[in-house]
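In what follows, chains are A, B, ... by sequence order, proteins preceding strands, each numbered from 1. All heavy atoms count here, side chains included; hydrogens, waters and symmetry mates do not.
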Amino acid sequence: MKIREIVQTTPNFRVLSEDEIERIYFDALEVIASDGARVKSGQALKLFEHSEAVVTDYDLVRIPAVLVEKALQSHPAKIILSGRTGQYSVRSQKDELAFGAGPLYPLDQPGGSVYEDVYNAARLADFIAGFDFIAGPLRPLPKNGDSWNLSYVPALVEGSSKPLLLGTADKNELSILWRMMSLISGGEKEFSLNPGFAHYVEIDSPLTLSRVEAKKLLFCAEKQIPCVCASRAVSGITAPEAVAGTLVQTLAETMLVSVLSYLENPGMPLIRGGTTTVPHPSGSGCSFGAPGLALTTAANTDISKWLGLGMLFPAGITDAAEPGQDAGTDFASGLFYAFLSGADMICGSGLINSARAASLDGMVMCAEIIEMIKQIGRGISTDEEYLAIDLIESVGPGGEYLTCDHTLDHWHEWFRPNLMNRSTYDMWAAGGKKTMKDRAAQEREKILEEHEPAALDPKLAAELKALAGSGK
Amino acid sequence: MGTRTNLTENQYIRFSFLSDGQKHLIFNQVLKILQNTGVVVKHDEARRLLAENGCRVSGDRVYIPSHVVKKALSTLPPVSSIYSWNGEVALRIEQGHTYFGPGPTCPAFIDPHTLERRSYTRQDAAMVARLCDALDSIGFVMSLGLVSDAPYGKEGLYEFAELIQNSVKPPIAWCFSEDHCRDIHQIATAMAGGPAAFDQKPNYLFYNEPISPLLSDYNSVEKVIYCAGNNIPQIFAPASTGGGTVPATHAAHISMTLAESLIGVVTAQTVNPGSCIIIGGTQSVLDMREAVFAYGAPELCSLEAGLAEMGDYLGFPVFSAGGCSDSKAMDAQASVEACLSIHSAMLSGPSLVHDVGFMESGMCGSVFQLVLADEIIAKSQYIAKGVLVNEETLSRKQIKAAGPGGDYRKIKQTGNKDGSFSRTRDEKEPADKGTVSGTVRDRIVEKTRRLIKQTESPAEKISEDARQKVLKILEEA
C-alpha cells in the first residue's frame, strides 16, 4: 500500500501565472472604473444610474471595483445544460470540458430545404459521441441575416437530444426561444433547474454593449438563462495589438456584462467567450487559424477559471475553404489548445471559410481529432500494472511483447483510428487512394443513412413549431 | 507606476504529464531494469570494459548497478553546442531550446517536381539539405530517404557528404558500420578545418540505435565507442514499439526506452567521461490492424512528451520525434498528425525532434510534409512563447486612447512584436488566397518548388581543400 503519492492523471497546461492574472485583473478593474464602457440601452442605463456606477456623457458607464467584485461573486460556479431526453448534458465547471458541433447553419453544401439541412446536421452531431452539445447560429449572419429564424430551432431539437447553444436576433426572439425551451424542459421552473440551452450575447469591442445585446442580456438575467458573453476583439482594430492588452480589455468587458446582469437579477449563469484574434489576411473578418486565437483564448480561460466563471473556446474552425490539409492544421491546433486549457465549452467544430459556413465532413473530421486529443489527455498512468516491472523482467532483453497477455489487456486502451489510415501504400492505392476528406464524406453518408435520433413527442413538436411561428 | 515585488511570470508555456513523484517512480524502474533484468551487449570489448567498471556480466548479459548508472549520468554533459561547418553556433543542446528536423532512411520519396513516388537519390539528399537551410523553423538536417544510388552499405556516408555540403545547419549522421562512421567523421573534420577545429566546434551529431528491447548489437556498440573516443556528439535512441518490442503501457514503455538509451550512456561515459551522448527514442504503438509502427498515433505524442519530461527531470537533453504521419496523401490526416505531434513536442520541450516530413508510417519521405510542418512549427513556437505581461503589453495607454467604442487603427500601437499577435508566414504571404482559389496542396507544392529553386547551396563557400578531401574520402571508402 502506498501513501502520500501525488499522481498527475491528466496533462497540466497553463498560460498565465497567478501573478500575471492578478495584474490583468487589476488593470481591468481600472479600465472599467476610469475609462468605462458605452451602453446603448436606456433600460440598462437606468439600472446603472440607480447603482454605485457613474453614468456620464449620455451613455458612458464607469463602475467602481466594489460593485464589479460583488457582481463577479454572484455567478454560479457550476452550470448544467441538459438535452431534451436527459441522456446528454454539459457540466460547466472547472476543468471539465464539453465539445460542441457547429453552428450548424449555414452549410457549405446545402442539400434540401433549410429545415431538412439543419435537421440532418443535427442528426449527424447527435450520433457523433465526441460532441456534447450542438450550436445554432450565434450572431446575425452578415450576408443572409434574415435566412435563419426560430422556425429552424425545432429542426435542431428533433435531430438531436443534446444541449444547445443558440443566438437570437433580439429580445423578442429570445423570449419565444425561452418559452420553447421551457416547454421542452416541462415548465419554467424545470428549465431554470435544468436549462436545455445557453444563449449567446456579443459585446462590441472595445467596451460597448449595443441596445439589442443589452436587452438580451437583461432577459437572460431575469430568467436566469445561462449566458455566453463574448467579446469580438480583433487585434489592432477592436482591441490592442498586444495579447496582454486584449486580455485586460476583454476582462473589463466581462465586468461590464457581469455588473449589468447583477443589477437586473443576481445569479445569472455566466460563461465568458470571445473571438480574440488577428484580422483575416484578406482584410475582411478575422482569422481562425492564427495561433494568436488559441493563445489568447487559452490565457482567457486561465482568467475565467481564476474567477470561477465558465469559458467558451472557439475551436475546430479553419480559414480554409474546404476541409483539406490546411483545415487539418487549424482544426487540430485549435482543438488541442482548447482541450489543454480546460475551457468548459469548446465550440465551432467543422466550421470552414473563417467560420462563415459549417462543413459536415469537417465536423466528422473534428470528431476524429477530438478522440485523438482525448487520447493524449489520458496522460501516463504509473500504477504498478502500467509500470509492468515483472513483465519486463520475465520477457528480458531481445524478447517480444506482442503475444503477452499484458499487451492483449492494454492495447484496446489506445486510440483506434476511424478516419486515420495506417495501411501500406499499396493497400491504400488499391483502395482508391482516398484522402481523409473522402473517408469523412463516406462516414457522414453512412451516419445519415442509419442514425435515428430519439423520437420527439409529436404534440411537443407541433407546439414548438407553433411557438416558433408566433413571433412573426 | 509603482514598483513591483513578488512577481512570478509564466514566460514560456509548457505542459506536463507527470508529477515529480511519478518521474521518480519511472526513473527508479529504469534503475531496476538495468540492475535486475540487465541488457544484452553483443560486443566483447564493451562487456569487458563494463565489467571492469562495476557491472556484473554473465554471458552476453550485462547487469548495470544503479551506482554505475548514476556515475555515468554525473559525467554526462547537460549542455552542448553544435556548430555549423562555417563556425557559427547552430544548436544549443540544453533546456529551453527545441529544434526540429527531418528523419533518415525512408525507402520511398515523393519527387517534388513530378509528384511521383520513387527511390531516393544522392541528388535528393543535396536538395533536402538546401531546403532545410531555407526553412526558418527547421534546425538540423537529416535526409528523408535511403540513398539508392550509393554503393551498398555506404548509403549513410554518401548521404552525409551531400547533407553537410549543402546546408549550414548541422546534419545528423548515421551509417551501418563503424568503418563508415570513421569516414563520416573524416568528412566532418575536413569541413571543420582539421581535428583541433572539430574538437572546438563539432559540426554534426551521430545517430545510433540500440535494438529494442534492451539489446545492443556489435555495430551499434562499436559506433558508440568510436564516437565517445573521438568526442563526436552522439545520440543513442531506440525505436521502441508499444505492444511489440516493449510493453503496451506508456509508463513501462518510457522506462524501457530510457533503459535502452542508458546502455549507450554508460558505455560512452566509461570510454570517455564527459563525452556528449543524447538520450531519447522514437516511441509509438504497434497498430494491431495494419501491423505498422504508427507514426501518426496520438500515443506518440504522449510517449514523446513523457520522455522529454523525464529528460528534464534528470537534467539532460532528449532526442524525440514529431511532424510525421501515417498518411499516404497530402491530406488532412497528414496535417492533423503532424500538428498534434509538433505542438505536443513544443510544449514538452525536448532538444531535438526528428522525423519531420515522414509519411506512410516512415516508409516515404516528403519535402511537402516538411514545408507544411515548418509552418506548423512556427505557430507552435509562437504559442510556446506565451503571453508577455508587462506595463507596455498591458496597453493601458492604448485602451484609454481608443476609449469605449473606439478604433485601434487610429492610435499608435506598442509595436512590441513579442507581445503582439504574430502573423505566421503563410498568413503574411498571399497564401490564404491559395485556400480560396486552389487547395492547400497546390500552395504547399508551389511554395516547396519555389524554395528549392531559389535556395542557393552554401557549397561555393566551402574551401577547395575541404571539397577535395571529401571527394577523396568517398573514393577511398
Side-chain angles (χ1 to χ4, degrees), chain A residues 6 8 11-13 15 17 19-20 27 31 35 37-38 206-208 235-236 240-245 248-249 278 281 291-292 295 299 320-321 324-326 328-329 332-333 336 369 372 375-376 379-380 382 386-388 393 397-398 401-402 407 410-411 414-415 420 422-423 425 428 435-436, chain B residues 7-8 10 13 15-17 19 21-22 25 29 37 39-40 214-215 243-244 247-252 285 287 290 292 298 301-302 306 326 328-329 331-333 335-336 339-340 343 360 379 382-383 387 389 393-395 398 400 402 404-405 408 413-414 419-421 427 432 435-436 439-440:
Chain A
I6 296 175
Q8 193 173 318
N12 196 342
F13 171 85
V15 178
S17 72
D19 288 347
E20 288 174 321
D27 269 26
V31 166
D35 303 334
R38 299 268 174 198
L207 292 156
T208 305
S235 168
E241 268 186 359
V243 175
V248 170
Q249 182 186 302
V278 293
L295 178 64
Q325 200 169 31
D326 249 359
T329 312
S333 58
F336 185 57
I369 298 167
M372 293 175 79
Q375 182 67 33
I376 297 173
I380 298 169
T382 46
Y386 287 79
L387 283 165
E393 186 110 357
Y401 289 83
L402 184 59
T407 300
H410 291 285
W411 80 273
W414 300 340
F415 164 70
M420 297 297 177
R422 293 177 181 169
S423 69
Y425 179 85
W428 174 76
T435 63
M436 185 181 181
Chain B
L7 190 65
T8 308
N10 213 8
I13 303 180
F15 73 166
S16 69
F17 280 98
S19 69
Q22 288 175 297
L25 215 54
Q29 167 144 327
T37 312
V39 300
V40 168
L214 301 168
L215 188 148
T249 48
H250 292 354
V285 295
D287 184 286
E290 306 291 348
V292 296
C301 304
S302 314
D326 296 315
K328 272 62 65 181
D331 65 351
Q333 177 180 350
S335 61
V336 168
C339 193
L340 293 179
H343 281 278
E360 301 179 20
K379 290 186 181 181
Y382 171 79
I383 291 174
V387 177
V389 180
T393 59
L394 284 165
S395 313
Q398 285 77 27
K400 197 170 208 55
Y408 283 89
Q413 291 283 345
T414 57
S420 70
F421 287 97
E427 284 154 302
D432 268 318
T435 62
V436 179
T439 64
V440 69

Q.
If you count heavy-atom pairs within less than 4.5 Å of chain A, which of B/G306, B/G21, B/G244 leads?
A. B/G244
Q) Which one of A/M420, A/H410, A/Q375 has the most heavy-atom pairs closer than 4.5 Å to chain B? A) A/M420
**Q.** Expected output: side-chain B/S335 to main-chain A/Q325 donor-acceptor under 3.5 Å
**A.** yes
Q | Between B/A248, B/A251, B/A402, B/S16, the one whose heavy-atom pairs under 4.5 Å with chain A are most numerous | A | B/S16
(Q) Less than 4.5 Å to any heavy atom of chain A: does that hold for the side chain of B/E360, its backbone, both, or neither? (A) side chain
(Q) Taking every non-hydrogen pair under 4.5 Å, which of A/L207, A/T435, A/L295, A/I369 racks up the most with chain B? (A) A/L295
Q. If we only count heavy atoms from C-beta on, is the A/N12 to B/F17 side-chain gap below 4.5 Å?
A. no
Q) So which of A/G379, A/G328, A/P397, A/A299 has the largest heavy-atom pair count under 4.5 angstrom toward chain B? A) A/P397
Q) Below 4.5 Å, heavy atoms only, C-beta onward: do B/C301 and A/M372 meet side chain to side chain? A) no
Q. Partners of A/F336 by ring pair (Phe, Tyr, Trp, His ring centres under 6.0 Å), sequence neighbours excluded?
A. none
**Q.** Under 4.5 Å from any heavy atom of chain B - which part of A/W414
**A.** both
Q) Sequence neighbours excluded, which residues qualify as salt bridge (Lys or Arg N to Asp or Glu O under 4.0 Å) partners of A/D27? A) none
Q | For chain A, the option from B/L215, B/L214, B/V40 that forms the most heavy-atom pairs under 4.5 Å | A | B/L214
Q) Any donor and acceptor pair, going by atom type alone, linking the side chain of B/K379 with main-chain N or O of B/C339 inside 3.5 Å? A) no
Q: Check each atom of B/V292 against the heavy atoms of chain A and say whether the ones under 4.5 Å are side chain, backbone, both or neither.
A: side chain
Q | Interface residue of largest heavy-atom contact number with chain B, from A/W428, A/W411, A/F13, under 4.5 Å | A | A/W428
Q.
Do A/R422 and B/D287 make a side-chain contact, defined as non-hydrogen atoms from C-beta onward lying under 4.5 Å apart?
A. yes
